Amino acid sequence: MQNRTTPGAMLKAMREKPPLVQCITNYVAMNIAANVLLAAGASPAMVHAAEEAGEFAGIASALTVNIGTLSTQWLDGMQAAAKAAASAGKPWVLDPVAHYATAFRRNAVADLLALKPTIIRGNASEIIALAGGESRGQGVDSRDPVDEAEESARRLAERQQAIVAVTGAVDFVTDGQRAVRVHGGSVLMPRVTALGCSLTCLVGAFAATVPEDMFGATVAALATFAVAGEDAALGAAGPGSFSWRFLDALSALDAETLDARARISAA
């Protein structure tokens, strides 16, 4: 079997056999998320209607679910797709955007968590609240630093038997036992809308590529984003120029460079 134990090797494997990733994401994120997957080497499909989401999840290599612009109709599609993905043994990723903001969102996320996502990715405020703690989150913005969410992430991972990724200035990934931090990126990244949502989709692409190692796949996706973010920031004058430079940097990133520059440390 091909060696797929490093982020670079996983990126190379993904590009050699591009996975089809079903992205049920929000209106704001659809375009950038699709472009991020294409730049990285995966194949996006924005299929969310309840009438077909479940059927399509059986075709796709992985599913990602983002509740950013939630509606009853979209929630029906999310649930149908998550059930189908789980039944087919496909990995699925949950992005619980601002799940604490309203009763509708809290109930929706509770129902989705019951369907056992393989991976959960969120900002620090979202993960703290999801684990049952008190966060300082307001809307989609995180008001909590990642390091204050680490124990919450460990508890959530153990409770859900899932990989949990907390993303921010320094990312944190845990399965409840193992944990690492991923360094890199740029201060401009939070100023470009939907990059975090796009990262959720990329996590799904790596998970589809390396289904035998969900922890490593999650770390690889975050490391890929971090290195591409560093490269994009070099010539960016602000968030506008950073946005298109990020897509170019992601497309240009190769396996050797990723492995040489990924900064991953035990936590």
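We count residues from 1, following the sequence as given. Worth knowing before you read on, the calculation uses all heavy atoms, side chains too, and leaves out hydrogens, waters and symmetry mates. What you are looking at is a predicted structure, and each value in this text was computed from that prediction instead of being measured.
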For this session: Sequence neighbours left out, what passes side-chain contact (heavy atoms from CB on, under 4.5 Å) with Asn31? Give chain and number order.
Result: Asn35

Exercise. Would you say Val173 and Val164 make side-chain contact, with heavy atoms under 4.5 Å?
Worked result: no

For this session: Under the side-chain contact (heavy atoms from CB on, under 4.5 Å) rule, what do Thr224 and Leu258 come out as? Steps first, then yes or no, please.
Result: CA-CA 7 Å; Thr224 299; Leu258 177 56; 3.4 Å; yes

Exercise. Within the side chain of Thr118, is there an N or O that forms a donor-acceptor pair under 3.5 Å with the backbone of Trp92?
Worked result: yes

Problem set entry | Atom of Pro96, atom of Val109 and distance for their closest heavy-atom approach | CB-CG2, 4.1 Å

Exercise. Do Ile59 and Leu20 have side chains that get closer than 4.5 Å, going by heavy atoms?
Worked result: yes

For this session: May I ask you to test the Val180-Phe172 pair for a side-chain heavy-atom distance under 4.5 Å?
Result: no

Problem set entry | Nearest-0.5 Å distance that lies between atom CD1 in Ile128 and atom CG in Asn123 | 9.0 Å

Exercise. Is Ile24 linked to Phe104 within one hydrophobic cluster, defined over Ile, Leu, Val, Met, Phe, Trp and Tyr using a side-chain heavy-atom separation of less than 4.5 Å?
Worked result: yes

Exercise. Can a donor-acceptor pair be found between the side chains of Asp254 and Thr257 at a distance below 3.5 Å?
Worked result: yes

Seminar exercise, completed: The reported gap from OG1 in Thr174 to CZ in Phe215 (rounded to nearest 0.5 angstrom) is 6.5 Å

Exercise. Counting N and O atoms only, with roles assigned by atom type, does the side chain of Ser87 sit under 3.5 Å from a partner on the main chain of Lys83, one being a donor and the other an acceptor?
Worked result: no

For this session: Using atom types as modelled and distance alone, determine if a side-chain donor or acceptor of Gln22 lies under 3.5 Å from a backbone N or O of Ala60.
Result: no

For this session: Tell me, with the steps shown, if Arg154 and Glu151 meet salt bridge (Lys or Arg N to Asp or Glu O under 4.0 Å).
Result: CA-CA 5 Å; Arg154 292 179 192 271; Glu151 286 308 310; 3.4 Å; yes

For this session: Kindly give the heavy-atom pair with the smallest separation between Gly204 and Thr64, and that separation in Å.
Result: CA-CG2, 3.9 Å

Exercise. Would you find a donor on one side and an acceptor on the other, under 3.5 Å apart, between the side chain of Asp171 and the backbone of Gly168?
Worked result: yes

Problem set entry | Any donor-acceptor N/O pair, Thr209 side chain to Ala205 backbone, under 3.5 Å | yes

Seminar exercise, completed: Tightest non-hydrogen contact, residues Thr69 and Tyr27, listed as OG1-N, 3.1 Å

Exercise. How about Arg155 and Ser152: does a side-chain donor come under 3.5 Å of a side-chain acceptor?
Worked result: yes

Exercise. Is a side-chain donor or acceptor of Arg121 paired with a backbone partner of Val203 at a separation under 3.5 angstrom?
Worked result: no

Exercise. About how many Å separate CG of Leu75 and CG of Asp111, when rounded to the nearest 0.5 Å?
Worked result: 6.5 Å

For this session: Ignoring hydrogens and angles, tell me if any N or O in the side chain of Lys90 forms a donor-acceptor pair with the backbone of Gly58 under 3.5 Å.
Result: yes

Problem set entry | Electrostatic pair Lys12-Glu256, nearest N-O below 4.0 angstrom | no

Exercise. Out of curiosity, Leu199 CG to Leu222 CG, how far, rounded to the nearest 0.5 Å?
Worked result: 5.0 Å

For this session: Check whether any side-chain heavy atom of Leu70 sits under 4.5 Å from a side-chain heavy atom of Met78, and report yes or no.
Result: yes

Exercise. According to a 4.5 Å side-chain heavy-atom criterion applied to Ile, Leu, Val, Met, Phe, Trp and Tyr, with indirect links allowed, do Leu253 and Leu247 form part of one hydrophobic cluster?
Worked result: yes

Problem set entry | Lys17, NZ atom: more than 12 neighbouring heavy atoms under 6.0 Å | no

Exercise. Do the side chains of Arg181 and Asp147 get nearer than 4.5 Å, heavy atoms only?
Worked result: no

For this session: Take Met189 and Phe242 through the side-chain contact (heavy atoms from CB on, under 4.5 Å) test and state the conclusion after the steps.
Result: CA-CA 8 Å; Met189 296 177 89; Phe242 177 87; 3.5 Å; yes

For this session: Can you see which heavy atom on Gly229 is nearest to which on Phe246, and at what distance?
Result: N-CE1, 3.6 Å

Exercise. How long is the gap from SG on Cys197 to CG on Leu202, to the nearest 0.5 Å?
Worked result: 13.0 Å

Exercise. Does any N or O in the side chain of Ser243 come within less than 3.5 Å of the main-chain N or O of Pro239, such that one atom is a donor and the other an acceptor?
Worked result: no

Exercise. Side chains of Val36 and Leu250: closer than 4.5 Å at any heavy-atom pair?
Worked result: yes

Exercise. Do Pro117 and Gln160 come close enough that some side-chain heavy atom pair is under 4.5 Å?
Worked result: yes

Exercise. Stepwise, does the side-chain contact (heavy atoms from CB on, under 4.5 Å) test hold for Val182 with Arg263?
Worked result: CA-CA 6 Å; Val182 181; Arg263 288 185 283 147; over 6 Å; no

Exercise. Nearest heavy-atom pair of Ala232 and Ala249: which atoms, and what distance?
Worked result: N-CB, 4.1 Å

Exercise. Heavy atoms, side chains only, cut-off 4.5 Å: are Ile127 and Leu156 in contact?
Worked result: yes

Give the table of side-chain donor-acceptor pairs shorter than 3.5 Å for residues 45-57, with sequence neighbours excluded, one pair per line with atom names and distance.
{"unit_1": "His48", "atom_1": "NE2", "unit_2": "Trp74", "atom_2": "NE1", "d": "3.3"}

Exercise. Just how far is it from atom OG of Ser43 to atom CE of Met14, taken to the nearest 0.5 Å?
Worked result: 11.5 Å

Exercise. Can Val65 and Val93 be said to form a side-chain contact (heavy atoms from CB on, under 4.5 Å), step by step?
Worked result: CA-CA 6 Å; Val65 173; Val93 187; over 6 Å; no

Exercise. For Asp231 and Arg245, what are the C-alpha separation, side-chain angles and deciding distance, and is it a salt bridge (Lys or Arg N to Asp or Glu O under 4.0 Å)?
Worked result: CA-CA 8 Å; Asp231 287 345; Arg245 289 176 187 276; over 6 Å; no

Problem set entry | Main-chain N/O of Gly68 paired with Arg105 side-chain donor or acceptor, under 3.5 Å | yes

Problem set entry | Linked, directly or transitively: Val28 and Ile32 (ILVMFWY side chains, under 4.5 Å) | no

Exercise. Side chain to side chain contact (heavy atoms under 4.5 Å, CB included) with Ile120: which of Leu113, Thr218, Thr200?
Worked result: Leu113

For this session: Check the hydrophobic clustering (I, L, V, M, F, W, Y; side-chain heavy atoms under 4.5 Å; chains of links allowed) and say if Ile67 and Leu115 are grouped together.
Result: yes

Exercise. Closest approach of Glu126 and Ala98, non-hydrogen atoms and distance?
Worked result: OE2-N, 3.0 Å

For this session: Would you kindly check if the NZ (Lys) or CZ (Arg) of Arg106 is within the cone defined by 45 degrees around the ring axis of Tyr100 and under 6.0 Å from the six-membered ring centre?
Result: no

Exercise. Who passes side-chain hydrogen bond (donor to acceptor under 3.5 Å, both in side chains) against Asn107, sequence neighbours left out?
Worked result: none

